[in-house]
J.: 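Attaching a single structure in structure tokens format; questions to follow.
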Amino acid sequence: MSESKDADKLWGGRFSEPTDQFVERFTASVNFDQRLYRQDIAGSIAHARMLEKVGVLTSDEAQQIISGLQEIAGDIEVGNFQWSVALEDVHMNIEAELTRRIGITGKKLHTGRSRNDQVATDIRLYVRQEADAIAGLITRVQQGLLELAEREADTIMPGFTHLQTAQPVTFGHHLMAWFEMLQRDFGRLADCRKRLNLSPLGAAALAGTSYPIDRHFTASELGFDGPTRNSLDSVSDRDFAIELAAFASILLTHLSRFSEELVLWASSQFDFVDLPDKFCTGSSIMPQKKNPDVPELVRGKTGRVTGHLVSLLTLMKSQPLAYNKDNQEDKEPLFDLLDTVRDCLKAYGDMVPEIRAKRDSMRQAALRGYATATDLADYLVKKGIAFRDAHEIVGKSVAYGIQQGRDLSEFELAEFHQFSETIAEDVFDFLTLEGSVNARNHIGGTAPAQVREAIKIARAELQARTAD
Ligand code: ARG
């Protein structure tokens, strides 16, 4: 990064003393906004083409500007570019370099625009690109879940409420619950993308410009659905960043729940899953340890992403129209959250298909804890007993089972008769884990047949998505 030379400043005209050295560093954003260089150059090229189209630039001028910008892009790409803090941000660094390379014509690029609409355009383009990458990464995690759910459609585990054994469920069904969360996240992301895909370019500093610009042209050059409608709003709106951060916070919240379960299940107390060694680490002191670092870290990163959402909301709170320098503070949280979301999804995309269910252990756990108690109550109801009475009978049976240290399915028929004469030999069909899950055979239920149906529908949805 090169030092300050005040003569370099693109706005130096009305100033009589150089910028304070500390203030120069304090106000500069180039250290972090240089990652917008591709978007910045794409925006400038679209702007130059438009200026040519409306006759503000000659074809020759526009061509010089475009070639110059393309060369600069190539140089930045290979790390052959000297960023300068004195030039404050990515926009002025590139513009100054353009003028250095092509001379006076470079100074015409900024006609009819401002850094305010320029930066608003750049961030939208950047967020759009990241949103598309993230959509692909979500789909990949979902594909992994479907693969695993298919393998484990018949695997029985205890389902929990209050983290107490509640009723038996299939592991495939549990995995499909995670799939559904990601399905909604994907939809939320698609919604944000729709709203962000409008072009602020042409709003200029805040009021528009007196040049005969064509905003539809630049919008379409940059792949936007059209221009934004109000110049004051265009340069100051950061809703799209907030929405993206809200989407990301919900997504990470989902991943944190998923992570929490994996961490619990990988423990020897649960022993439901085995995570591949390559996603875990050991302990430097306790040789037996295999720590589920990846899910733990993803769980931890939720705080960071939600923190960025709060930063962005607070950044925008009470800001008067139109652009304020505060807005420069949108980038670091936004970039970090996009990077974090990408990393977490990448880790999960790699890990999910390799999660191995410990089927026996899950089954043993489902057999403990009276998971089929509701099935016994439902059996009694089918035999004509009112549900509340059935609840009471089963409650007493469970208390007896706890005292005896035996599951309901291990009772003799005579033992059941202590609590209800209505119970007959056929009860044992209902007390098996398979009987219990198969009975819940309706849309959204845990029966393996329903899990397979849900997977089929989900596959078709993912296919339609990737065909778009
Ligand atoms: N670096 C600035 C930002 O990120 C660019 C826009 C600056 N505009 C201005 N009028 N100072 O927001």
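When a ligand or atom number is given, it counts from 1 through the structure's own listing order.
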J.: For a ring pair (Phe, Tyr, Trp, His ring centres under 6.0 Å) with Tyr126, tell me which candidate from Tyr37, Phe240, Phe335 qualifies.
T.: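 Of all the options given, the one that passes is Phe335.
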J.: Within a distance under 4.0 Å of any heavy atom of Gln328, pick out the atoms of ligand 1 and give their elements.
T.: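 This gives 1 (N), 2 (C), 3 (C), 4 (O), 12 (O) as the contact atoms.
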J.: Salt bridge or not for Glu329 and Arg238, using N-O below 4.0 Å?
T.: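 Here Glu329 does not pair with Arg238 in a salt bridge, since their nearest N and O are not under 4.0 Å apart.
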J.: Checking contacts here: is it the side chain or the backbone of Gln118 that comes within 4.0 Å of ligand 1, counting heavy atoms only? Could be both or neither.
T.: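 Within the 4.0 Å criterion, Gln118 makes no contact with ligand 1.
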J.: If you count the atoms of ligand 1 from 1 in the order shown, which ones are under 4.0 Å from a heavy atom of Asp89?
T.: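 Every atom of ligand 1 under 4.0 Å from some heavy atom of Asp89: 1 (N), 2 (C), 5 (C).
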J.: Looking only at protein heavy atoms, which one is nearest to atom 11 (N) of ligand 1, and how far off is it?
T.: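 Closest protein heavy atom to atom 11 (N) of ligand 1: Arg115 NH2, 3.4 Å.
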J.: Given the ring of Phe171, does Arg359 sit roughly above its face, with NZ or CZ under 6.0 Å from the centre of the six-membered ring and within 45° of the axis?
T.: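 Cation-pi check for Arg359 and Phe171: fails.
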J.: Regarding Thr105 and Glu61, is there a side-chain donor-to-acceptor distance under 3.5 Å anywhere?
T.: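 Distance-only check fails for Thr105 and Glu61.
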J.: Would you mind listing which atoms of ligand 1 come within a distance below 4.0 Å of any non-hydrogen atom of Lys331?
T.: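 Matching atoms, with element in brackets: 3 (C), 4 (O), 12 (O).
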J.: Compute both the distance and the angle, then confirm whether Arg124 meets the cation-pi test with Phe224: under 6.0 Å from the six-membered ring centre, within 45 degrees of the axis.
T.: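 No, cation not above the ring by the 6.0 Å, 45° rule.
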J.: Do Ser361 side-chain atoms and Phe272 backbone N/O form a donor-acceptor pair below 3.5 Å?
T.: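 A pair under 3.5 Å: no.
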J.: How far is atom 12 (O) of ligand 1 from its nearest protein heavy atom, and which residue and atom is that?
T.: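 Sorting protein heavy atoms by distance from atom 12 (O) of ligand 1 puts Tyr323 OH, 2.4 Å first.
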J.: Any nitrogen or oxygen of Asn116, main chain or side chain, under 3.5 Å from a nitrogen or oxygen of ligand 1?
T.: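 Yes - when backbone and side-chain N and O of Asn116 are compared with those of ligand 1, one distance drops under 3.5 Å.
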J.: Against heavy atoms of Ser29, which atoms of ligand 1 measure under 4.0 Å?
T.: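 Heavy-atom distances to Ser29 below 4.0 Å select 1 (N).
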